[in-house]
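Some notes on the structure that comes next.
Chain naming here is simple, since letters A, B, ... match the order of the sequence lines and numbering starts at 1 in each.
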Protein chains: 2
Amino acid sequence: MRCQPPPADLAELGARAAALVGASLADLAHGLGGELGADPVRTKGHAGELLEHLLGATGGPTAVHDFPHLGVELKTVPVTPLGRPRESTFVCLIPLLAAGDVPWADSRVRRKLAHVLFVPLVAPSRVGTRRASPDGFHRGRAWEPFQGSHISGAGLGDRRVGPPLFWRPTPVQERALKDDYDDLMGLVGVGGIEEVSGHAGRILQVRPKAASSRCRAFAPGPEGEWLATVPRGFYLRARFVAALLRDPTALP
Amino acid sequence: MRCQPPPADLAELGARAAALVGASLADLAHGLGGELGADPVRTKGHAGELLEHLLGATGGPTAVHDFPHLGVELKTVPVTPLGRPRESTFVCLIPLLAAGDVPWADSRVRRKLAHVLFVPLVAPSRVGTRRASPDGFHRGRAWEPFQGSHISGAGLGDRRVGPPLFWRPTPVQERALKDDYDDLMGLVGVGGIEEVSGHAGRILQVRPKAASSRCRAFAPGPEGEWLATVPRGFYLRARFVAALLRDPTALP
DNA sequence: TAGGATCCACTGGTGGATCCGT
DNA sequence: ACGGATCCACCAGTGGATCCTA
């Protein structure tokens with residue numbers, strides 16, 4: 001299903017992403033000769049992979065970036081019709097065994113986030129929505145992600161591509177990322193990974209990341225002993241990405 | 001239905017409250033020859049009035065305190081079985097017309113809160129609870145409000161009296177109250193009452209307080225014009241009262 | 001297992017409506 | 001209208017589980 005050659009430069013990558021704005025994932029998958037499953041539970045990650053194909057990403061599982069020759073990472077982010085992310089954005093797994101030994105400058109977080117292409121995918125509603133507003137009160141749409149959009153339905157194929165954003169952290173943002181990274185790694189070192197909650201961190205946060213809760217990783221505990229634990233990842237807070245999408249220089 | 005004479009002193013008031021611990025409101029109402037309605041929507045405030053009768057409160061609507069000769073205010077507070085308040089605690093209405101003209105020292109907030117008898121009423125669950133934990137996982141009870149309690153049912157009559165607490169703000173707490181009062185009144189003065197949200201304030205907050213939304217009060221707007229608005233009250237944050245019930249000197 | 005992610009149950013808090021008795 | 005309060009819908013956020021592909 002890989003159809004596109006890698007983009008030659010940033011301008012070409014940007015142009016390709018811009019050309020997709022407004023398209024539904026169903027259309028895009030069809031254009032590539034593929035189909036999208038209807039079950040939202042079975043299609044996690046498919047949207048991200050589809051966009052990688054469409055934009056000509058070449059980085060395999062081994063590469064640091066999706067576009068190694070450009071040093072750019074692709075992130076799709078599901079957003080509400082108002083443009084707010086529905087979820088936090090995964091960055092990378094935490095190297096639990098080496099926690100505390102990797103300074104910010106050498107961290108995967110820094111390398112992944114050095115240059116990111118965010119592609120919002122507008123999802124009309126959550127899949128799991130069980131009830132509509134019983135009073136029928138309509139709260140209005142503050143932001144039209146693209147003109148002429150007609151939004152209805154909740155399946156993966158109904159999601160539409162929103163305006164893409166190239167982002168490099170400003171010095172101030174990078175400083176905030178470093179502070180969070182140091183703090184969170186410090187917390188892991190002090191109390192052990194189990195003690196770090198999703199509340200910690202201004203724009204980064206630490207959350208579980210495992211294919212199944214039966215997957216275990218090993219990490220040093222508070223007393224230095226080895227603990228079997230769920231793998232964790234760094235995530236960008238939804239709040240922060242929401243701010244970014246409106247103003248790339250913003251901090252929440 | 002008023003049965004008790006006013007308590008002679010704080011010790012007697014405290015003894016009466018302590019004697020009620022563990023009793024259900026149904027029992028208490030019955031002992032007074034009264035009955036409690038079953039509909040939770042129709043019984044708002046009844047619990048508070050019942051306790052006033054039982055403890056011999058004499059302050060009418062005109063008085064500042066429920067026990068004027070003791071200078072004590074009675075507050076019932078609905079709590080979960082873990083002892084956490086289910087709601088914020090009403091203090092008093094905001095004098096919208098005089099906002100900004102009443103210094104903390106002369107404020108109703110300060111007078112009301114100078115000395116409070118908190119009586120927790122343990123409610124097993126919210127009335128409006130629509131679903132139980134589907135996984136059946138039991139999260140344990142961190143605090144047994146009284147020994148031997150057997151808690152079940154959700155009606156008003158099933159609520160049970162918890163351990164009472166006499167509270168006077170510590171100097172640090174009073175300072176926090178004053179700061180919030182000044183801040184909130186300042187916000188009202190700057191942007192008008194409509195701009196003050198429930199987020200403002202560390203331990204006090206401002207929320208609507210009206211018998212019906214058709215009830216209007218008048219307040220000065222941002223430009224100094226007169227606005228019809230919903231009456232507002234000062235409330236103690238649930239978070240703060242939760243802290244108080246565990247440690248009367250605490251701040252959240 | 002790493003990398004692409006999303007689902008969903010639950011909790012805390014807000015915003016606002018509402019009820020009763022005096 | 002004031003003083004006694006509670007109800008309830010909604011939303012943000014967390015905590016943790018889970019899915020697919022390579």
Round to a whole Å and report the spacing from [atom1] of [X] to [atom2] of [N].
X        : N      : atom1 : atom2 : answer
A/Glu195 : D/dG15 : CD    : P     : 11 Å
A/Leu204 : D/dT14 : CG    : P     : 13 Å
A/Arg84  : D/dG13 : CZ    : C1'   : 10 Å

Mind checking [X] for me? I need base, sugar-phosphate or nothing, with any heavy atom below 4.0 Å counting as a touch.
X        : value
B/Thr43  : nothing
A/Pro78  : sugar-phosphate
A/Glu73  : sugar-phosphate
B/Gly48  : sugar-phosphate
A/Cys215 : sugar-phosphate
A/Asp66  : sugar-phosphate

If you check every side-chain atom of [X], which of [options] has the closest atom?
X        : options                : value
B/Ala211 : C/dG15, C/dC20, C/dG12 : C/dC20
B/Arg42  : D/dC19, D/dC7, C/dC20  : C/dC20
B/Arg108 : D/dG13, C/dG12, D/dG3  : D/dG3
A/Lys44  : C/dG21, D/dC19, D/dT6  : D/dC19
A/Thr76  : D/dA5, C/dA5, D/dT21   : C/dA5
B/Leu93  : D/dA5, D/dC2, D/dA17   : D/dC2
B/Glu52  : C/dG15, D/dA17, D/dG4  : D/dG4
A/Glu49  : D/dG4, D/dT21, C/dG12  : D/dT21
A/Arg239 : D/dG13, D/dG4, C/dT14  : D/dG13

On DNA chain D, nearest-nucleotide positions of A/Arg214 versus A/His199: which is more 5'?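 On the 5' side of the pair lies A/His199.
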
Got B/Leu51 and B/Leu25 here, is their nearest side-chain heavy-atom distance under 4.5 Å?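 A side-chain contact exists here, since the closest heavy-atom pair is under 4.5 Å.
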
Salt-bridge present (A/Glu194, A/Arg232; N to O < 4.0 Å):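 Salt bridge present between A/Glu194 and A/Arg232.
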
By salt bridge (charged side-chain N to carboxylate O under 4.0 Å, His left out) - contacts of A/Glu195 (at least two apart):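 If we apply the salt bridge (charged side-chain N to carboxylate O under 4.0 Å, His left out) test to A/Glu195, skipping adjacent residues, there are no hits.
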
Would you say the rings of A/Phe234 and A/Tyr181 are close, in the sense that their centroids are separated by under 6.0 Å?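 Ring-ring flag for A/Tyr181/A/Phe234: true, centres closer than 6.0 Å.
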
Would the base of D/dG4 count as contacting B/Lys209 through its side chain, where contact means a donor and an acceptor less than 3.5 Å apart?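 Flag set: donor-acceptor pair detected.
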
Classify the ring geometry between B/Trp167 and B/Phe240 as parallel (under 30°), tilted (30 to 60°) or perpendicular (over 60°).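 Geometry flag for B/Phe240 against B/Trp167: perpendicular rings.
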
